[in-house]
Engineer: 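Take a look at this one; I'll ask things after.
Here the structure is a predicted model, which means the values were calculated and not measured. Chain naming here is simple, since letters A, B, ... match the order of the sequence lines and numbering starts at 1 in each.
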2 protein chains.
Amino acid sequence: MVTIKDVAKATGVAPSTVSRVIANNPRISIMTKEKVRKAMKELGYHPNVSARNLAVKSTKAIGVVLPSSADKALQNPFFPEILRGIGSVTHDMEYSMTLSSGITEEEIFAEVQRMVYGSYVDGIILLYSRLNDRVMNFLHDKNFPYVIVGKPYEDIDEVTHIDNDNFTAGKEITNHLIETGHERIAFIGGSKELFVTMDREAGYQAAVKEAGLKDCEEYKIHTEFLKSGGREAVENLLSLKVRPTGLVISDDLMSLGVLSGLEEAGFSVPHDISLVSFNNVYLSEIIRPSLTTVDIHIHELGAESAKALIEKTIDKSEPAKRITVPHEIVFRNSVSKREAF
Amino acid sequence: MVTIKDVAKATGVAPSTVSRVIANNPRISIMTKEKVRKAMKELGYHPNVSARNLAVKSTKAIGVVLPSSADKALQNPFFPEILRGIGSVTHDMEYSMTLSSGITEEEIFAEVQRMVYGSYVDGIILLYSRLNDRVMNFLHDKNFPYVIVGKPYEDIDEVTHIDNDNFTAGKEITNHLIETGHERIAFIGGSKELFVTMDREAGYQAAVKEAGLKDCEEYKIHTEFLKSGGREAVENLLSLKVRPTGLVISDDLMSLGVLSGLEEAGFSVPHDISLVSFNNVYLSEIIRPSLTTVDIHIHELGAESAKALIEKTIDKSEPAKRITVPHEIVFRNSVSKREAF
DNA sequence: CTGTTAGCGCATTCAG
DNA sequence: CTGAATGCGCTAACAG
């Protein structure tokens, strides 16, 4: 391994000088800089992170914590995509990204502790949010830089988070259904415990109310989309005396299950029933009918979270803030016009 | 930050002793061990990785590089799943895992160089394999520990790789179709450049030949599944005078596209056409019809690769080897019996 | 069984 | 503008 000393020797300067040209210190003459750089290149010098980290007490690395992957939810294409978003900025800023690799909640917590106490990373991105989460509490207590993608359950204005305006998105997409003539619209969402679901549902409900449409409990379904993609949800809905003609579904992946269930039951989408959802993952484009869905800009969600976190690691006093990533509806083929009765 | 010195002082021993109890060195009396451990707990001591890494010249970290994510392929649930597999062993062995975060090929290469030269990681897992890949060549030249998930294009018995027996898998799943009475079976695969595709196709072909069935070129289709999920593939196939009754598709995600295309064109699966594929990602279970597919044990693929790599980082002279992860067919509802004509 | 010493590679005072 | 000295926190001989 070629060290700073080697290039110092080769150049006939002191190690500290080499260190300074690495940092591009302005007090070094342009000439020696060139000379040193040349030697670095020739010798194949590359700085050693561990040494650097030790000296400066910082790592230029961020940790990313995925939800407990006991959860099948991890198979959601949302995750690779957000990782890409994060990666795009870590790459640009020459940070590295460490993934937490626990599977149970317990393990994850242990991992995070290691990351924090062991100085593995300068900050952490939480890709989930739960009520009373040990990890978040821990980070908070330790005053360790972290951001949340989504909406925190507690201390909402003390923790910087990156989210969409899911309420508005829910409202808009529901309005789209209303505008195309639908009057009986149901909502199918994942766990009520999740803010995403709640926000989107609230938006749906607001739209329904404002339009003066029927707002009944029977039309709001919550199901673990892990289990058979909400098959039951569909069955429940179809067994109603007055069936909905439009469905707002809180996640593309879930739509896939619902769609399949619908067609299996002999309903054609969008002919018999229209359907819209959220996320705009790749899937929604390749299935038939392709999905009208709100693109929540997953990549940007990731990128913004990384940016915000890095700022925070650089200046710990950076105030907590909320970053709202814009969304936009992508119109495709899962919705059809419905004439008034 | 509480260091080894602090606990040394608090315990009245030398720093080196503390270091030894951390390493659980057997030459330390059980008594002082207890004493030291107690102090560590009380003071909230946690070892600093950077310092440790610097001293031992190793990082207990592995790098994972994903395929260039210009590729939509990353949205394949295959990736989160394999990451989980890797994570399960890195966690157990107390390693950490760093994701490469480049998006273009160029960027990825730069990242890998940083990882290697900067001593960010002890070894690297490549989650893709391409002909004449700079990254692989680089790792190879530098004699840096790495493993490949899949099959390397070059130096196949010099690089340890973890793969399924895709040939056999292809053969078996095709045989399943044959056994259920299908006589005209087509293959739809991704890029011919990929070994996975090639191997699976070769298996398909072997099965077809052995069964004495028609083996024509028209029945072998290659398409970028990125684009509209192989819609054209389907159209081509359907426009044939003698249409196939069974389809072997090289990836579940692609099946999704094909399935949609088929139903859109008015064909019902499995009634009119049967279909089988590979991977057994979550999707294949939630769509209707659920997919008969070969489970390639993605998680295990990841876990084995991590294990093999870690072994290699510990003992660089570990010989290159090939690890074959078993597969198994999961029978679901995308295949129906076909009576002889 | 334990303490002392000397680095690991780099950044950063402080001099000059 | 540059060099010498010191220390980041930990491990690893070497003594004893």
Side-chain angles (χ1 to χ4, degrees), chain A residues 1-37 39-40 43-61 94 96 114-122 314, chain B residues 1-37 39-40 43-61 94 96 114-122 314:
Chain A
M1 167 171 265
V2 26
T3 81
I4 223 172
K5 279 187 188 165
D6 298 320
V7 348
K9 204 163 297 170
T11 332
V13 301
S16 52
T17 301
V18 178
S19 174
R20 288 190 182 103
V21 345
I22 292 172
N24 199 17
N25 187 314
R27 305 186 316 187
I28 298 290
S29 80
I30 188 87
M31 250 197 55
T32 48
K33 269 188 187 171
E34 305 252 290
K35 201 171 51 174
V36 170
R37 293 211 176 102
M40 294 198 311
L43 297 182
Y45 167 79
H46 290 268
N48 176 303
V49 246
S50 298
R52 177 170 207 289
N53 291 349
L54 184 58
V56 302
K57 290 175 176 313
S58 129
T59 62
K60 296 240 291 177
E94 298 197 283
S96 59
R114 251 190 3 135
M115 284 190 185
V116 172
Y117 285 133
S119 298
Y120 279 82
V121 298
D122 290 344
I314 291 174
Chain B
M1 168 171 264
V2 28
T3 80
I4 223 172
K5 278 187 188 165
D6 298 321
V7 349
K9 203 164 298 171
T11 332
V13 301
S16 54
T17 300
V18 178
S19 174
R20 288 188 183 105
V21 343
I22 293 172
N24 200 15
N25 187 315
R27 304 186 318 187
I28 297 290
S29 81
I30 188 88
M31 250 197 55
T32 49
K33 270 188 186 171
E34 306 251 291
K35 200 171 50 175
V36 170
R37 291 211 175 101
M40 295 198 309
L43 298 183
Y45 167 79
H46 291 269
N48 176 303
V49 245
S50 297
R52 176 167 208 290
N53 291 347
L54 184 58
V56 302
K57 288 172 177 315
S58 128
T59 62
K60 296 241 287 178
E94 298 196 284
S96 60
R114 250 191 2 136
M115 284 189 185
V116 172
Y117 286 134
S119 298
Y120 279 82
V121 298
D122 290 345
I314 291 173

Engineer: Heavy atoms only: give me the nearest A:A51-B:L54 pair and the separation to one decimal.
Structural biologist: CB-CD1, 3.7 Å

Engineer: Give a yes or no on whether the backbone of B:D122 and the side-chain of B:T59 come within a donor-acceptor separation of less than 3.5 Å.
Structural biologist: yes

Engineer: Does anyone know the first and last nucleotide of DNA chain D in reach of chain B, 5' to 3', at under 4.0 angstrom to a heavy atom?
Structural biologist: D:dG9 to D:dC14

Engineer: Whole angstroms only, please: what is the CG-C1' distance between B:N25 and C:dT2?
Structural biologist: 10 Å

Engineer: With A:Y45, which residues qualify under ring pair (Phe, Tyr, Trp, His ring centres under 6.0 Å), at least two apart?
Structural biologist: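 So A:Y45 forms no ring pair (Phe, Tyr, Trp, His ring centres under 6.0 Å) with any residue.
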
Engineer: Find out whether A:D6 and A:M1 are in side-chain contact, i.e. whether some heavy atom of one side chain is under 4.5 Å from a heavy atom of the other.
Structural biologist: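 A side-chain contact under 4.5 Å is absent here.
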
Engineer: Kindly determine whether A:K35 and A:M31 satisfy side-chain contact (heavy atoms from CB on, under 4.5 Å), including the steps that lead there.
Structural biologist: CA-CA 6 Å; A:K35 201 171 51 174; A:M31 250 197 55; 5.6 Å; no

Engineer: Does A:T11 use its side chain to pair, donor to acceptor, with the backbone of A:V13 at less than 3.5 Å?
Structural biologist: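 Not confirmed, A:T11 side chain does not pair with A:V13 backbone.
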
Engineer: Encode nucleotides 9-16 of chain C as B, S and - characters from 5' to 3', where the letter depends on protein heavy atoms closer than 4.0 Å: B to the base, S only to sugar-phosphate, - to neither.
Structural biologist: BBBBBB--

Engineer: Got a second to check how far B:T17's OG1 is from B:I4's CD1, nearest 0.5 Å?
Structural biologist: 9.5 Å

Engineer: Assess whether atom NZ of B:K60 is packed by more than 12 heavy atoms of other residues, nucleotides or ligands within 6.0 Å.
Structural biologist: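 Enclosed: over 12 neighbouring heavy atoms sit under 6.0 Å from NZ of B:K60.
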
Engineer: Within the structure shown, what part of the strands sits under 4.0 Å from B:G118 by heavy-atom distance: base, sugar-phosphate, or nothing?
Structural biologist: nothing

